[in-house]
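These notes concern the structure reproduced below.
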Amino acid sequence: HFYAIDNWSFSNINHENLADISIDYFDAFNQNLSDVSTKYTAIKSDALEAVSQFKDGSIDVLFIDDNRDQQHIRDMITTYLPKSPSGTTF
């Protein structure tokens with residue numbers, strides 16, 4: 001099973017030169033993957049807040065795209081490592 005975690009807010013993007021930005025990116029993501037909806041779970045959250053949803057050793061495939069701050073990335077790796085089976089490569 002594949003997990004995708006993102007806050008889908010895009011608050012760091014400068015939209016001043018774009019037309020109306022009223023896209024719900026979370027819904028668009030789910031619609032784009034509707035043919036494989038049983039194969040993934042999309043979680044709209046900060047990754048460090050979402051970690052409580054997972055048991056240790058329960059994650060096979062994980063995609064996180066919520067924050068690119070260097071310390072946040074370190075914290076995510078430290079926090080999610082126990083959630084992956086032994087021998088997982090990050």
Side-chain angles (χ1 to χ4, degrees):
H1 196 79
F2 174 83
Y3 296 94
I5 302 173
D6 195 346
N7 56 27
W8 274 274
S9 71
F10 298 95
S11 59
N12 59 341
I13 295 176
N14 181 353
H15 294 293
E16 76 182 43
N17 295 325
L18 301 176
D20 177 32
I21 302 296
S22 59
I23 297 169
D24 184 326
Y25 292 99
F26 183 72
D27 285 344
F29 179 86
N30 285 307
Q31 287 174 5
N32 287 338
L33 294 176
S34 63
D35 290 345
V36 293
S37 62
T38 61
K39 306 286 185 196
Y40 80 95
T41 300
I43 300 171
K44 188 175 187 177
S45 176
D46 176 272
L48 295 176
E49 294 171 8
V51 73
S52 64
Q53 298 179 41
F54 301 98
K55 295 178 183 177
D56 286 356
S58 67
I59 299 175
D60 293 318
V61 179
L62 175 65
F63 176 78
I64 300 174
D65 189 28
D66 74 332
N67 186 324
R68 291 171 184 88
D69 174 74
Q70 190 173 17
Q71 186 59 50
H72 189 81
I73 292 168
R74 283 188 193 120
D75 293 344
M76 285 188 301
I77 291 170
T78 302
T79 303
Y80 276 91
L81 194 57
K83 305 302 178 185
S84 303
S86 177
T88 298
T89 302
F90 274 76

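Side chains are part of it too, since the values below use all heavy atoms of this structure and drop only hydrogens, waters and symmetry mates.
Here the side chain of Tyr80 pairs a donor or acceptor atom with the backbone of Ala47 at under 3.5 angstrom.
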Could you list the donor-acceptor pairs under 3.5 angstrom formed by side chains in residues 33-40, with sequence neighbours left out?
| unit_1 | atom_1 | unit_2 | atom_2 | d |
| --- | --- | --- | --- | --- |
| Ser34 | OG | Gln31 | O | 3.1 |
| Ser37 | OG | Ser34 | O | 3.4 |
| Tyr40 | OH | Asn30 | OD1 | 2.6 |

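Nearest heavy atoms, Tyr3 versus Ile43: CD2-CD1, 4.5 Å. Of all heavy-atom pairs between Lys83 and Lys55, the closest is CD-O, 3.7 Å. Phe2 and Ala4 make their closest contact through CE2-CB, 3.9 Å (heavy atoms, listed as atom of the first residue, atom of the second, distance).
For residues 43-54, there are no side-chain hydrogen bond (donor to acceptor under 3.5 Å, both in side chains) pairs, not counting sequence neighbours.
Note that CG of Leu81 and CD1 of Ile59 are 10.5 Å apart. Values are rounded to the nearest 0.5 Å. In this structure, Phe63 CZ and Asp6 CG are separated by 7.0 Å, a value rounded to the nearest 0.5 Å.
When each of Ile77, Asn67, Ile64 is tested with His72 by the rule side-chain contact (heavy atoms from CB on, under 4.5 Å), just one qualifies, namely Asn67.
Looking at Met76 and Ile73, their side chains come closer than 4.5 Å, going by heavy atoms from C-beta outward.
Annotation: Gln70, atom CD; neighbour count of heavy atoms from other residues, nucleotides and ligands within 6.0 Å does not exceed 12.
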